[in-house]
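Have a look at the structure below, then the notes.
Within every chain, numbering begins at 1; the chains are lettered A, B, ... in the order of the sequence lines, protein sequences first and strands thereafter.
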Amino acid sequence: MTKRKNFYLALGLIVVQWAASGSAGAMGEYSRLAIPQIKYRGGDYKPRPQAVESLLIQTAKRTSVEVKREFLELSLSSKDLFRYPFLYLAGNAAFDPFSSEELKILRHYLSYGGFLLIDDASAEVHSEFDRSVREMISQLFPHNPLQKIPKDHSLFRSFYLIDEVAGRARVNPFLEGVSLKGRTALVYSTNDLGGAWARNKLGHWKYDLIGGDQRQRKLAIRLGINITMYALTLDYKKDMVHLPIILERLRRYHSQ
Amino acid sequence: MKLLLAALGLPPDQFNDWEIHWALSEASWILPAMGVFFLLALWFFWTSLARVSSRPKKGLLFGLRVLAFVFFIFVLLQPSLEVKQKSAAKNAVAVLLDDSLSMSIKTLPTGKRRFDLVREALDQNPEYFARLKENYRVDFYLASEELHPARLEELDDPFKPLGVDTDFGSMLSKIQERYPENSLRGAILFSDGADLTQLPNSLSPDLEESITRFKVPIHTFQSGTNEGFKDLGIERAELADFGFVFQPTSVRVALVASSIGEKNIPLVLKEDNKILASKIVEIRPGQTRYQVEMTFTPEAVGKRIYKLSVPLFAGESIESNNASEFQLQVVRDRLRILHLNGRPSWDTRFLREVLINNPKVDLLSFFILRTLSDDVAATTGELSLIPFPSNLLFTDYLYSFDLIIFHNFKYAPFIDKKYLLNIKRYVENGGAFLMVGGDLSFQNGGYRNTPIEDILPVRFQSTPGEIFQESFQLLPPPRFANHPLFRLEKDAESNLRAWRSLPVLNGLNAGLIPKKRAQVLAAHSASGKALPVLAAMKSGKGRAFAVATDSLWNWNFRSVGQGGSGRYYQKFWQNLIAWLTDDPETRLIQIQTDKEQYSSGEKVLIQFKVLKEDYNPDPDRPVKLSLRSISKKQDLLSEELKTDARGEGVFEFQPAEDGFYSVKVETERDEEILSSQAEFRRFSQTLEFERPLINAYLLKKLAEKTGGLYQVLKTGVDWQEPTFPDRKRYADARSKTVSLSDNWWAYGLIVGFLFIDWWLRRRAGLS
């Protein structure tokens, strides 16, 4: 009887919520999560054109975050850049170095609250894109180099509990990042995350995984959602109120 | 002399002495300079007459020039003549009565106070003073850190010694200054010798020097002895300037004990009549000073007054030091804020960043990361999500929060509706509640006809609520230019510029209707309607606020993109939190005193200010100002006053006694009593009780080194009469000063001598 009551209650809540959100409509379009892709010179700035939309669809489906699914692309000099606190930079080949003005804008963007996810879609170790990215970051933060993100970082527990790093490929078993005043403002993946997320118009996976099974894709999607959640909630999951439960789950997770 | 006085128009018979004063007489260089100048002038005069062949003529001209020059120098030095009438007068004897606090200490075995022994001695020897007055002028002084002339018959009976800092060296210097020309021929000192500047059995070099300079006898009378001196007292309490509420704080207490024997005594710390801490102190013979550390936990914010006490034993010489009060400013350690977020968004993220980086805020935040309709595609064990502890938050811990924020938060199904009533009661009892807009807020959050709607400054038009999608600029209305919420910059012009520099907002919860008691601080006009954006309301003892948009984050990140910074966004939130948590700076009635502690005799300056609801000055507002002695739990006065044109007022008060006082100002507006309170303390120095023992050595030495007598006052025992040298002297009675240079004949003689010189040379055909 109790189970049935809970079921009806849950069903009722879902219906009410659907009705409420459907009728209220979106409020403040810019408050919804949109992830513009950075346009740059040289190379291919959108090697996985469906990647961001696919990630946003999964984010909307799995979490409470409201998203804006349209594909957006911006250059660093765009006046709309600061409307979007989350940027995605992807590629699979070398790209032209950013101008000093573009570097200045990006440095400003990241220092004052912006977040940048860089994704190497080449699936190669020490790729041309990788060289361009590292060169760009060394100019962007000369005194704050890329560092491996430790496994106890909030990125790995912002929604899912994750202990493996993967994308379409497994080039490196880690993420790298740049932290500014305790906040990780830049995350760099060399595993082609976008390739694992992207679906075609029929909803099928667009790219095959390299040397992995569907668990690898599942991990890549979960990592994408965690990165999104981290950008939106920062170190929320490190608040003391969450720690005991998370640590207990991690203990069980690792003991399996 | 008589001729000179007559020439100056002064009656010669009224003056019998005179003296000449010169200007610049204190400049040591002037005489040698004058000498050199005079010699040069002589040489010049003589050589300039070289062409005069007749020696008598040359001598005459030279003489005339020298005379003119001498008068010129005379005028330059501005001499003045002081004529005096001197008459015979008596030399003086000073009788110094030590009126320091230590003279109020009881002496054993009679139980009389030290000053009472002095009074008794004076009363019992009137003949001696009568005889003394025949030959000397006898001046009585009350002496401790200051010297006050006194008339014995006018002293209070019993007299209350209140001096706080006995210093014999300073006392001797001051008495000498009062008697120029050696007219003081001696002093009689009645004292306990308890000079705070002197170590036992020694004289400081400074005091030695003062005694040497005194040169006339000081007869010392010691009042009381150290025999059987018994005391247990609290010397002082030391603690930090402020403490945190519900956080243990410690106080270091210094105790003094003399002739108490071997006892274990309780040291008790109370607030009002509630014991907060107590400690047993083991008093042992041979040890006079004790340090005790006590820890207690303040239970309320504000200036709290605590009382320390030790038992009073029979026969104690000092009774007033067995209890001592002290004050502690108790503050909240940090503001505890509960931040509930209906979903992760840029607005919630940037606000969380502001709150978590504010060192004054203790933040507990919850984000609803998934709803019942979300398919997480994972087991619970693979998720970092935790159950929402609504029961704990809204029952057990509710009153530990200073502010609750519902940020685009729909309460169902996470919070049971019954807890909304708890939140309403929490606000009505003094809590603070803020709802920040978004599509999960207000009526869209399901709050229509709930206790939350009761406390919010807005009610809801319909469900679901309409969303206004356009962009709009938010500026503070001119009426609220002084409202603390809008204070981004200090001066009005910069402040308006700051608001104009902020990016536009987008998205607004429409369908919110301000309540009658609400204050709409900012609204946006659309379709002929004023849509409230920021609205505030007092609800019971607490405050509630509505922000009808979830796009304030634009003031942070987009502002950076426009060349600004997130500074104004942070300031806005600081202001809003300060208003919601009733920060003293945001109160409509404020009162303060110019100091927190006043020594006896000082006036307390009380200033108060009353503001209207829009934070503009409230002129001519009737206020009631009342003063209360906290220490005595007694109302002292109540005054009906009015604010001035600036909404301010002042009041002066002189506390009659030591202790803690509170001053409260209140006014009634719209059936609401606004009030504010400040506390202050009047205190007397108690250093005298730190070294209360009789210093016989000092009194003996003072007498011995000046050729005086040292005696101990004893009831019923005659004293050896002090004697003094030089009965008579001459003293000035009247004087008048006349300038000798500032008159017609001084200048006339100079001109006359020069004219004769010129006339003689002309007659002789000289140039």
Report summary line: By residue number, those in residues 351-363 of chain B with heavy atoms under 4.5 Å from heavy atoms of chain A are B/Arg352, B/Glu353, B/Ile356
Query raised in the report: So which bits of residues 559-568 of chain B come within less than 4.5 Å of chain A, counting non-hydrogen atoms only?
Result: B/Val560, B/Gly561
Testing the 3.5 Å rule here: is there a donor-acceptor pair between the side chains of [X] and [Y]?
X: B/Thr450; Y: B/Glu453; value: no
X: A/Ser154; Y: A/Asp235; value: yes
X: B/Tyr569; Y: B/Asn554; value: no

Requested in this report: Sorted by first residue and then second, give each ring pair (Phe, Tyr, Trp, His ring centres under 6.0 Å) pair with at least one member in residues 56-79 of chain A; sequence neighbours left out.
Outcome: none
Requested in this report: Report the C-alpha separation of A/Thr184 and A/Ser179 in whole Å, then their side-chain angles, then the decisive distance to 0.1 Å, and conclude whether the side-chain hydrogen bond (donor to acceptor under 3.5 Å, both in side chains) test is met.
Outcome: CA-CA 4 Å; A/Thr184 301; A/Ser179 289; 3.0 Å; yes
Report task. Look at the side chain of B/Ser390 and the backbone N and O of B/Ile415, then say whether any donor-acceptor pair between them is shorter than 3.5 Å. Result -> no
Requested in this report: Measure A/Ser158 against the heavy atoms of chain B and call it side chain, backbone, both or neither at under 4.5 Å.
Outcome: backbone
Report summary line: Whatever's closer than 4.5 Å to a heavy atom in chain B on A/Ala231 counts as both
Query raised in the report: Just wondering, more than 12 heavy atoms not from A/Lys39 lying within 6.0 Å of its NZ?
Result: yes
Heavy-atom pairs under 4.5 Å with chain B: which of [options] has the most?
options: A/Lys181, A/Arg183, A/Gln58, A/Lys218; value: A/Arg183
options: A/Val65, A/Thr228, A/Asn226, A/Leu234; value: A/Leu234
options: A/Tyr160, A/Phe159, A/Phe86; value: A/Phe159

Query raised in the report: Can the ring centroids of B/Phe388 and B/Phe366 be said to lie less than 6.0 angstrom from one another?
Result: yes
**Report entry** With sequence neighbours excluded, residues passing ring-ring contact (aromatic ring centres under 6.0 Å, His included) with A/Phe82
**Finding:** A/Tyr109, B/Phe557
Report task. Please test A/Gln216 against A/Arg170 for side-chain hydrogen bond (donor to acceptor under 3.5 Å, both in side chains), starting from the C-alpha separation and ending with a verdict. Result -> CA-CA 9 Å; A/Gln216 187 174 318; A/Arg170 288 178 184 261; 3.3 Å; yes
Query raised in the report: Would B/His407 and B/Asp347 count as a side-chain hydrogen bond (donor to acceptor under 3.5 Å, both in side chains) if you check the C-alpha gap in whole Å, the side-chain angles of each, and the deciding distance to 0.1 Å?
Result: CA-CA 9 Å; B/His407 199 151; B/Asp347 204 46; 2.8 Å; yes
**Report entry** Non-hydrogen side-chain atoms of B/Phe572 and B/Leu576 separated by less than 4.5 Å
**Finding:** yes
